[in-house]
Amino acid sequence: YGGSEALSAIESAKDCFKAFKGSLPAARSKLLIDWADLIMKHNQEMAELVTLEMGKPLSESLGEVNYATSFLYHFAGQIRTGLTGEVLTPGLKHWRPINIRQPVGPVVTITPWNFPVAMVTRKAGAAVAAGCSVINAPSEDTPLVSLMLGKLAIEAGFPPGLFNVIPSTIENKRVIGKILCSHHDIAALSFTGSTAVGKLLGAQCSDTVKRVHLELGGNAPLIVFESANLDRAVNGTMLAKFRNAGQACNAANRILVHKSIYAEFVEKLSAKVAKLRLGNGLDRGVSVGPLVNHKAFDKVTLIVNSTLAVSSNNVEVISFDKYSSEGHPFYTPSILSCHENNHLPVFHEEIFGPVAAIYSFETEAEAVDMANNTRYGLQAYVFTQDLSQSWRVSENLEYGMVAVNEGAISSANNPFGGWKESGIGREAGHLGIDEFTEDKLICFGL
């Protein structure tokens, strides 16, 4: 698709919004529940499509489908009470001011390839709950997943124009993105992807002063203090680092381990990584699939090679090559034992692959400084048995989300979003619908 289809989608979403914004909350709730039920009815088919398009193991794809529908059920329940407002304190005796919330208008969601089902439902579910129509521009790597979601939305009873899908090539997507971001009939943009592209889209939205929600890159630290339950920390690291072959914006990117337990941690993690099975995501027992494409493979390779070029004598590579890639973008799960060398390229780059870079520290203050030494601020992980330390460190970390003694905390109930150059706004939780609403003051004079 190209520019003409983008303009048609805008007209369709605009026409739909005129009627849909006045729909009853219960009706929106039913649409979301029916959509979720149909997705679950076709969960195997959709999961296989995810694996075929972007490579993750089928078990992870099935988990993503369940995760994706949880957002629809969540927003369906949340919106049943409507968009609540509040009665305000009057500034004059005869005033009676109230604040109400209304749907912002037609919205654009630009979604990534790494979680191609869940990122659509997390955005579109909140927007539809709020009373908005949606245009989804999926990644060029995973268009079929969004098209299937669109087909099921129609079967669920979505009116024409409520959920529009515009698949495209990477070249056409630049044209489509510019049209969607600059068009005056689009009220808001919700984007998940790289920080560089997010900045570009945000700038394109500025001329029409759109509501912008950005969920961008991460360089997540995972800190293991000397009091940590080491087995729990290792298991949490495996989940935070190697899920989806490390292709997640909140994947553990810099693993910081106290010097006194560094060697034992590396040994235990290595034993776990050695058991990972690399291969075709549709094959039984595979735990790590290929990277999404050769460009992604080349990026991970470049980061590792540039790191070794800077400090090959001080970085130990622990790799377990058991799979013949035969020209496909399979990257062997690996560990880079970097010790105290936090000046390396891998420390400052988002790896987005199955490479665990581990560093050592001696003091809590040093660990926090290392963790905060980045322009990103999406998610951090902390492993400690010291309650005071967990609270203190969590407050001092410059991140939108902190997981304490857990390798994953994303859920429909928890708000998701970052600080600094990791984004603007929040998705899911009690805040997700807010991104697609506007506040309005109505003041009555008696």
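Owing to the predicted nature of the structure, the values given are computational and were not obtained by experimental measurement.
Taking 4.5 Å as the limit, some side-chain heavy atom of P138 sits within range of a side-chain heavy atom of V165. In this structure the side chain of Q389 never reaches within 4.5 angstrom of the side chain of W391, judged on heavy atoms. At a threshold of 4.5 Å between non-hydrogen side-chain atoms, the residues E438 and Q102 do not count as touching. L32 has its side chain out of reach of T121: every pair of non-hydrogen atoms, C-beta onward, lies at least 4.5 Å apart. In this structure, V382 and F225 have side chains that are in contact, with non-hydrogen atoms separated by less than 4.5 Å. Counting only heavy atoms from C-beta outward, the side chains of N373 and F347 approach each other to under 4.5 Å. Residues Y359 and R254 meet the side-chain proximity criterion, which asks for heavy atoms closer than 4.5 Å. Using a 4.5 Å heavy-atom threshold, the side chains of P221 and Y399 count as touching.
Shown here for C205 and V212, the closest heavy-atom pair between the two residues is CB-CG2, 3.8 Å. Contact between I176 and G2 at its shortest, heavy atoms only, is CG1-O, 3.7 Å. The two atoms that bring C249 and E215 nearest to each other are SG-OE2, 3.2 Å, heavy atoms only. Of all heavy-atom pairs between F17 and V104, the closest is CZ-C, 4.4 Å. Scanning all heavy atoms of the two residues, the minimum distance from A356 to I255 falls at CB-CD1, 3.7 Å.
In this structure, R96 places its CZ atom where more than 12 heavy-atom neighbours from other residues, nucleotides or ligands lie under 6.0 Å away. Annotation for K299: atom NZ counts as buried by contact number, over 12 foreign heavy atoms lying within 6.0 Å. Counting heavy-atom neighbours within 6.0 Å of Y67 OH, excluding the residue itself, gives a total above 12. More than 12 heavy atoms of other shown residues, nucleotides or ligands fall within 6.0 angstrom of atom NZ in K420.
Atom OG1 of T69 and atom CE of M46 lie 10.5 Å apart (nearest 0.5 Å). Atom-to-atom distance recorded for S390:OG and E395:CD is 10.0 Å, nearest 0.5 angstrom.
Under 4.0 Å is where a charged nitrogen must lie from a carboxylate oxygen, and between R232 and E406 at least one such pair does. A salt bridge does not link R243 with E64: every distance from a Lys NZ or Arg NE/NH1/NH2 to an Asp or Glu carboxylate oxygen is 4.0 Å or more.
In summary, the side chains of Y73 and D37 do present a donor paired with an acceptor at a separation below 3.5 Å, with no hydrogens or angles considered. Defined by atom type and a distance below 3.5 Å, a donor-acceptor pair is missing between the side-chain atoms of N114 and K56. Between T192 and K123, the side chains place a donor N or O and an acceptor N or O closer than 3.5 Å (distance only, hydrogens not considered). Remark: the R277 side chain and the S287 side chain contain no N/O donor-acceptor pair separated by less than 3.5 Å. A donor-acceptor pair shorter than 3.5 Å can be found between the side chains of N136 and T111.
Distance alone, capped at 3.5 Å, is enough to place a donor-acceptor pair between the N164 side chain and the G161 backbone. Between the side chain of E435 and the backbone N or O of G425, no donor-acceptor pair lies under 3.5 Å. When atom types are taken as modelled, the side chain of S422 and the backbone of G217 share a donor-acceptor pair closer than 3.5 angstrom. N253 places a side-chain N or O within donor-acceptor distance of the main-chain N or O of I351, the cut-off being under 3.5 Å. At least one donor-acceptor pair under 3.5 Å links the side chain of N396 to the backbone N or O of R392. Under a 3.5 Å cut-off, the side chain of R101 and the backbone N or O of K440 do not form any donor-acceptor pair. Of the possible polar contacts, one joining the K241 side chain to the V355 backbone as a donor-acceptor pair under 3.5 Å is found. Looking only at distances, no side-chain donor or acceptor of K14 sits under 3.5 Å from a matching main-chain atom of D185. Side-chain N or O atoms of N219 include none that pairs as donor or acceptor with a backbone N or O of T374 at under 3.5 Å. For S61 (side chain) and E48 (main-chain N/O), no donor-acceptor pair under 3.5 Å exists by modelled atom type.
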**OP:** Go through W35 and F158 one step at a time and tell me if the ring pair (Phe, Tyr, Trp, His ring centres under 6.0 Å) criterion holds.
**Re:** CA-CA 9 Å; W35 192 21; F158 277 42; 5.0 Å; yes

**OP:** For the pair L397 and N372, evaluate side-chain contact (heavy atoms from CB on, under 4.5 Å) and give the outcome as yes or no after the intermediate values.
**Re:** CA-CA 6 Å; L397 289 170; N372 289 338; 4.0 Å; yes

**OP:** Please lay out, stage by stage, how S190 and V107 fare under the test side-chain contact (heavy atoms from CB on, under 4.5 Å).
**Re:** CA-CA 8 Å; S190 181; V107 304; over 6 Å; no

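Tested against R375 for a salt bridge (Lys or Arg N to Asp or Glu O under 4.0 Å), the candidates E349, E421, E398, E350 yield a single pass: E421. A side-chain contact (heavy atoms from CB on, under 4.5 Å) with P97 is found for one member of T89, L88, V87, I442 and no other, namely L88.
Between W419 and Y376, the distance from one ring center to the other does not fall under 6.0 angstrom.
Between H294 and F297, the ring planes are perpendicular. Angles over 60° get that label, and only those under 30° would be called parallel.
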